Amino acid sequence: MVRIAIGVEYAGDAFCGWQSQVHGRTVQDVLERALSEIAAVPVRLHCAGRTDTGVHASAQVAHFDTVASRPVTAWVRGVNALLPPAVVVRWAAAVDETFHARFLATERQYRYILHNAATRPAMLAGRVGWFHVPLDEVRMAEAAECLVGTHDFSSFRAAGCQSKTPVRVMHEARVTRQGEYLLFDFRANGFLHHMIRNLVGALIYVGKGRYPVDWMRALLEARDRSHAAPTFTPDGLYLCGVCYPPRWSLPGDGRIIALPQLPLT
């Protein structure tokens with residue numbers, strides 16, 4: 001039995017999320033079918049972070065165990081030949097049995113790309129979020145700063161979240177503008193279900209002037225989801241980084257980062 005880690009990129013609007021479902025139209029389903037064909041035995045994947053329907057990934061990491069003896073290139077070129085266009089394996093690496101894509105990840109990083117213009121972006125439909133009212137990125141950046149540190153993020157947690165604790169360590173929370181686009185960057189030891197989409201929704205409320213900058217801090221202290229903004233759309237959300245201790249032979253010594261860059265077209 002050998003354990004293989006793989007790096008995966010996918011366009012989330014082509015799938016019904018990561019996690020396997022009966023209808024088979026998820027990222028996990030299409031990858032497992034392709035991997036199983038190359039291995040000639042069933043393969044089960046475990047990923048760094050399960051993404052919802054419509055959420056993209058430029059740096060997803062997963063692992064699987066197999067008795068099949070194949071060159072590492074087979075898990076990239078061979079598997080890619082069997083995958084639909086919206087998903088691709090970027091790299092593969094043999095790791096020992098102590099590696100786990102989910103449980104040993106020390107950090108995860110997400111970027112949300114928002115088109116802030118009067119009309120929606122037809123060429124980037126499904127790949128970026130959109131908000132038509134002009135937003136003040138300076139106010140939003142200031143509000144995001146209060147998220148850095150160790151906090152109870154209950155106000156930004158989905159009702160169906162299965163995490164044992166709402167406490168997370170946020171290492172970075174930034175909002176920057178590039179022309180008509182706003183970039184929301186979050187890096188933490190982990191995230192709750194819908195946490196980033198809920199944070200983006202709240203920051204947009206600050207950016208359009210509905211609430212003051214200090215409202216974000218008040219939401220943290222409230223620890224009550226009903227006080228915050230609605231969950232924002234998944235369209236512009238990208239899982240773009242996962243970090244591991246450097247003991248395994250992974251790309252970047254375990255710092256697997258692939259920030260989606262503008263322009264996306």
Side-chain angles (χ1 to χ4, degrees), residues 6-33 44-63 83-88 101-103 105 107-115 120-121 124-131 147 153-166 168 170 173 182-204 225-226 228-242 256 258-260 264:
I6 58 174
V8 185
E9 175 184 310
Y10 51 87
D13 54 332
F15 302 99
C16 298
W18 167 272
Q19 190 170 10
S20 181
Q21 298 182 32
V22 175
H23 54 60
R25 296 190 301 273
T26 71
V27 181
Q28 183 178 4
D29 289 323
V30 298
L31 278 169
E32 287 183 349
R33 285 197 292 268
R44 187 68 174 175
L45 276 172
H46 305 271
C47 73
R50 291 176 293 182
T51 52
D52 292 332
T53 299
V55 177
H56 317 291
S58 55
Q60 175 70 276
V61 178
H63 80 266
L83 291 173
V87 59
V88 66
R102 178 185 174 190
F103 297 128
E107 290 184 0
R108 293 171 180 83
Q109 186 167 345
Y110 284 84
R111 166 169 282 184
Y112 194 102
I113 303 177
L114 181 72
H115 188 217
R120 57 183 172 83
L124 293 176
R127 305 300 167 87
V128 299
W130 172 58
F131 195 75
L147 301 173
F153 286 93
S154 292
S155 291
F156 305 100
R157 180 182 190 176
C161 180
Q162 298 178 354
S163 178
K164 295 180 180 179
T165 173
R168 294 293 184 270
M170 184 75 76
L182 289 171
L183 306 180
F184 300 77
D185 288 298
F186 301 98
R187 181 170 55 88
N189 66 338
F191 292 90
L192 304 169
H193 191 204
H194 287 175
M195 177 174 161
I196 296 175
R197 291 167 59 191
N198 292 335
L199 287 170
V200 170
L203 288 168
I204 287 173
R225 178 73 190 102
S226 66
T231 304
F232 207 66
T233 63
D235 300 3
L237 183 55
Y238 294 78
L239 171 59
C240 57
V242 187
I256 302 160
L259 290 171
L264 295 172

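None of these values were measured; they are calculated from a predicted model.
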Item checked: 4.5 Å side-chain heavy-atom contact, His46 and Phe103 -> no
Next item on the list: Heavy atoms only: give me the nearest Ala173-Leu147 pair and the separation to one decimal.
Entry: CB-CB, 4.1 Å
Check: Can you name the closest pair of heavy atoms from Gly49 and Leu239 and give their distance?
Finding: O-CD2, 4.1 Å
Checklist line | Val22 backbone acceptor or donor facing Arg25 side chain under 3.5 Å | finding: no
Next item on the list: State, yes or no, whether a side-chain contact exists between Arg127 and Tyr238 at a heavy-atom distance under 4.5 Å.
Entry: yes
Next item on the list: Would you list the pairs meeting salt bridge (charged side-chain N to carboxylate O under 4.0 Å, His left out) in which at least one residue belongs to residues 186-196, sequence neighbours left out?
Entry: Glu107-Arg187, Glu172-Arg187
Margin query: Measuring only between side-chain heavy atoms, which start at C-beta, is Pro166 closer than 4.5 Å to Leu192?
Written below: yes
Please tabulate, for side-chain N and O atoms in residues 228-235, each donor-acceptor pair with protein atoms closer than 3.5 Å (sequence neighbours left out).
| residue | atom | partner | partner atom | Å |
| --- | --- | --- | --- | --- |
| Thr231 | OG1 | Asn198 | OD1 | 2.6 |
| Thr231 | OG1 | Arg225 | NH2 | 3.3 |
| Thr233 | OG1 | Tyr112 | OH | 3.1 |

Next item on the list: For Gln19 and Val27, run side-chain contact (heavy atoms from CB on, under 4.5 Å): C-alpha distance rounded to whole Å, both residues' side-chain angles, the deciding distance at 0.1 Å, then the answer.
Entry: CA-CA 7 Å; Gln19 190 170 10; Val27 181; over 6 Å; no
Notebook entry, point to check: Any side-chain donor paired with an acceptor under 3.5 Å for Asp29 and His23?
Noted result: no
Check: Side chains of Leu114 and Ile204: does their closest heavy-atom pair fall under 4.5 Å?
Finding: yes
Check: If you measure from CD1 on Ile6 to CG on Leu31, what distance do you get to the nearest 0.5 Å?
Finding: 5.5 Å
Check: Can you name the residues that form a ring pair (Phe, Tyr, Trp, His ring centres under 6.0 Å) with Phe184, not counting sequence neighbours?
Finding: none
Checklist line | Main-chain N/O of Gly241 paired with Gln109 side-chain donor or acceptor, under 3.5 Å | finding: no
Checklist line | side chain to side chain donor-acceptor pair (under 3.5 Å) evaluation trace for Ser58 with Arg111 | finding: CA-CA 10 Å; Ser58 55; Arg111 166 169 282 184; over 6 Å; no
Notebook entry, point to check: Would you say His56's side chain and Gly12's backbone share a donor-acceptor pair under 3.5 angstrom?
Noted result: yes
Margin query: With a 4.5 Å cut-off on side-chain heavy atoms, are Asp185 and Leu183 touching?
Written below: yes
Item checked: Qualifying residues under ring pair (Phe, Tyr, Trp, His ring centres under 6.0 Å), relative to Phe191, sequence neighbours excluded -> Tyr110
Checklist line | Shortest non-hydrogen contact between Ala101 and His63, atoms and distance | finding: N-ND1, 3.1 Å
Margin query: Applying the side chain to side chain contact (heavy atoms under 4.5 Å, CB included) criterion to Phe156, which one of Ile196, Val200, Leu199 satisfies it?
Written below: Leu199
Margin query: Set out, in order, the CA-CA distance, both residues' side-chain angles and the distance that settles side-chain contact (heavy atoms from CB on, under 4.5 Å) for His194 and Asp52, then state yes or no.
Written below: CA-CA 9 Å; His194 287 175; Asp52 292 332; 3.0 Å; yes
Next item on the list: Grab the two heavy atoms, one from Pro84 and one from Val30, that are nearest each other, plus how far apart they are.
Entry: CD-CB, 4.2 Å
Margin query: Using the ring pair (Phe, Tyr, Trp, His ring centres under 6.0 Å) criterion, which residues pair with Tyr10? Sequence neighbours excluded.
Written below: none
Item checked: Closest heavy-atom pair and its distance - Leu259, Cys240 -> CD2-SG, 3.5 Å
Next item on the list: Would you please test Arg44 and Glu32 for side-chain contact (heavy atoms from CB on, under 4.5 Å) and show each step?
Entry: CA-CA 6 Å; Arg44 187 68 174 175; Glu32 287 183 349; 3.3 Å; yes
Note to self: Quick one, Val8 and Val87 - any side-chain contact, counting heavy atoms below 4.5 Å?
What the structure shows: yes
Note to self: Please give me the minimum heavy-atom distance between Ser163 and Arg168, naming the atom from each residue.
What the structure shows: OG-NH2, 2.7 Å
Item checked: Nearest-0.5 Å distance that lies between atom CH2 in Trp18 and atom CD in Gln60 -> 5.0 Å
Next item on the list: Can you sort out the partners of Arg50 under salt bridge (Lys or Arg N to Asp or Glu O under 4.0 Å), two or more places apart, ordered by chain and number?
Entry: none
